[in-house]
Amino acid sequence: MPELPEVETIRRSLAPVAEGQRIMQTEIFLERLVKWPEPADFVGRLADRTIVRIGRTGKYLRFLLDNGNELILHLRMTGQLRFMAAGQDEMPPYARLVFRFAGGASLYYADARTLGAVYALKPDELWRLHGLMEMGPEPLTAEFSLGYLRETLQGHRTKIKSFLLNQKYIGGLGNIYADEALFLAGIHPLRTAASLHGPEVASLYGAINEVIRTGIADGGTTVRNYLDGAGKKGSHQERLHVYQRTGKPCHRCGTPIERIVIGGRGSHFCPRCQLLEEESV
DNA sequence: AGCACTTCCTGATAGC
DNA sequence: TGCTATCAGGAAGTGC
């Protein structure tokens with residue numbers, strides 16, 4: 001599932017080849033994925049527009065167009081973008097949308113489970129995308145400071161695992177990196193946000209930045225079907241300590257990794273390194 | 001307001 | 001082998 005490091009890797013793989021391309025034609029194979037505006041208007045807004053820059057906010061990919069409008073995509077669980085150079089055009093499996101460029105190259109949006117979302121928005125329509133507008137600060141930015149994390153944690157009684165997944169508080173974390181950050185920080189996922197004390201908050205802060213930094217450096221985590229814009233896998237799966245390692249020995253102490261469900265999400269942790277009691281640090 | 005729960009969606013996998 | 005049930009989970013919506 002693409003989280004911040006995966007979306008950033010996709011952005012980096014697409015920027016050199018897609019920036020400067022002019023969209024000649026947009027074909028929609030599954031209209032349900034186009035959330036705004038209506039498909040006919042969506043296609044019209046993109047026609048003849050040039051992609052100026054590809055940006056990212058949290059897990060949203062943002063294609064800035066030459067008239068100030070934006071093509072915005074959220075890949076959710078199984079969305080993929082595949083750039084095809086002129087002449088190598090082949091339709092990837094589960095293709096749902098294709099943008100054809102002047103000069104013959106094309107960009108496919110593929111999505112097996114069709115949970116993704118695509119928008120073509122004018123600047124004064126961005127408010128429609130609540131998830132984007134209400135996104136919290138991202139790891140590795142000045143805005144995401146230790147003080148910010150401490151204060152935000154204090155105001156919430158929800159479980160720390162659910163807190164980390166809430167994009168309003170921190171932008172870009174998903175299930176994989178949330179579990180990994182909690183392991184690195186030695187914090188049990190069922191602890192409440194407000195219960196974390198000073199050293200734990202500092203440890204969690206460092207761990208969040210660390211997993212995101214190494215995730216990006218590794219080109220993302222390919223556990224199911226994630227690929228970047230050129231079809232390449234990431235390598236961060238080789239560094240995972242707990243995610244999808246249920247029953248396997250903890251890399252630190254050898255205790256089998258456990259899996260529980262929190263807020264409907266599978267949560268993986270080491271029952272010895274991540275104690276529920278507060279004197280665990 | 002904050003939090004928990006439900007829904008969407010279908011390929012992969014487990015179990016029989 | 002082939003069928004069915006379960007699971008994966010981000011974000012929006014619902015309800016307490």
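Just so we're on the same page: letters track the sequence lines, and every chain starts at 1. Values below: every heavy atom of this structure, side chains too, minus hydrogens, waters and symmetry copies.
Atom C1' of nucleotide dA8(C) and atom OH of Tyr226(A) are separated by 19 Å, given to the nearest angstrom. What separates CZ of Arg32(A) from P of dC8(B) is a distance of 11 Å, to the nearest Å. Rounding to whole angstrom units, CZ of residue Arg113(A) and P of dG9(C) are separated by 9 Å.
Note on Phe163(A): nothing from the nucleic acid sits closer than 4.0 angstrom, heavy atoms only.
Other members of the hydrophobic cluster containing Met91(A), listed by chain and number, are Phe29(A), Met84(A), Val98(A), Tyr108(A); membership follows side-chain contacts under 4.5 Å among ILVMFWY residues, whether direct or relayed. Taking Ile, Leu, Val, Met, Phe, Trp and Tyr as members and joining any whose side-chain heavy atoms lie under 4.5 Å apart, directly or through other members, the hydrophobic cluster of Trp36(A) also contains Tyr60(A), Ile72(A), Tyr119(A), Leu121(A), Leu126(A), Leu129(A), Leu132(A), Met133(A), Met135(A).
The salt bridge (charged side-chain N to carboxylate O under 4.0 Å, His left out) search around Arg239(A) returns Asp218(A), not counting sequence neighbours. Scored by the ring pair (Phe, Tyr, Trp, His ring centres under 6.0 Å) test, Tyr205(A) finds Phe144(A) as partners (sequence neighbours excluded). Every residue meeting the salt bridge (charged side-chain N to carboxylate O under 4.0 Å, His left out) condition with Arg45(A), not counting sequence neighbours, appears here in chain and number order: Glu125(A). Tyr243(A) is linked by a ring pair (Phe, Tyr, Trp, His ring centres under 6.0 Å) to His268(A), counting only residues two or more places apart in sequence or in another chain. Looking at residues two or more places apart in sequence or on another chain, you find a salt bridge (charged side-chain N to carboxylate O under 4.0 Å, His left out) between Asp66(A) and Arg49(A). Applying the ring pair (Phe, Tyr, Trp, His ring centres under 6.0 Å) test to Phe269(A) and every residue at least two apart in sequence or in another chain returns His188(A). Taking Arg32(A) as the reference, nothing meets the salt bridge (charged side-chain N to carboxylate O under 4.0 Å, His left out) condition, with sequence neighbours excluded.
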task = List the protein contact pattern of nucleotides 10-16 of chain C with one symbol per nucleotide (5' to 3'): B for base contact, S for sugar-phosphate-only contact, - for none; contact means a heavy-atom distance under 4.0 Å.
result = BBS----
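Paired regions of DNA chain B, where each region holds three or more successive Watson-Crick or G-U pairs whose two hydrogen-bonding distances fall under 3.5 Å, are B:2-16 with C:2-16.
Between the side chains of Tyr109(A) and Asp111(A), at least one donor N or O sits under 3.5 Å from an acceptor N or O.
Between Tyr169(A) and Phe163(A), the two ring planes are parallel [angle under 30°; tilted spans 30° to 60°].
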Between protein and nucleic acid, restricted to nucleotides 1-4 of chain B and to nitrogen or oxygen atoms under 3.5 Å apart, what atom pairs and distances do you find?
{"from": "dC3(B)", "atom 1": "OP1", "to": "Arg157(A)", "atom 2": "N", "distance (Å)": "2.5"}
{"from": "dC3(B)", "atom 1": "OP2", "to": "His156(A)", "atom 2": "ND1", "distance (Å)": "2.8"}
{"from": "dA4(B)", "atom 1": "OP1", "to": "Lys159(A)", "atom 2": "NZ", "distance (Å)": "3.4"}
{"from": "dA4(B)", "atom 1": "OP2", "to": "Thr158(A)", "atom 2": "OG1", "distance (Å)": "2.9"}

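Along DNA chain B, the nucleotide nearest Thr114(A) and the nucleotide nearest Gly264(A) are compared for position; the residue whose nucleotide lies closer to the 5' end is Gly264(A).
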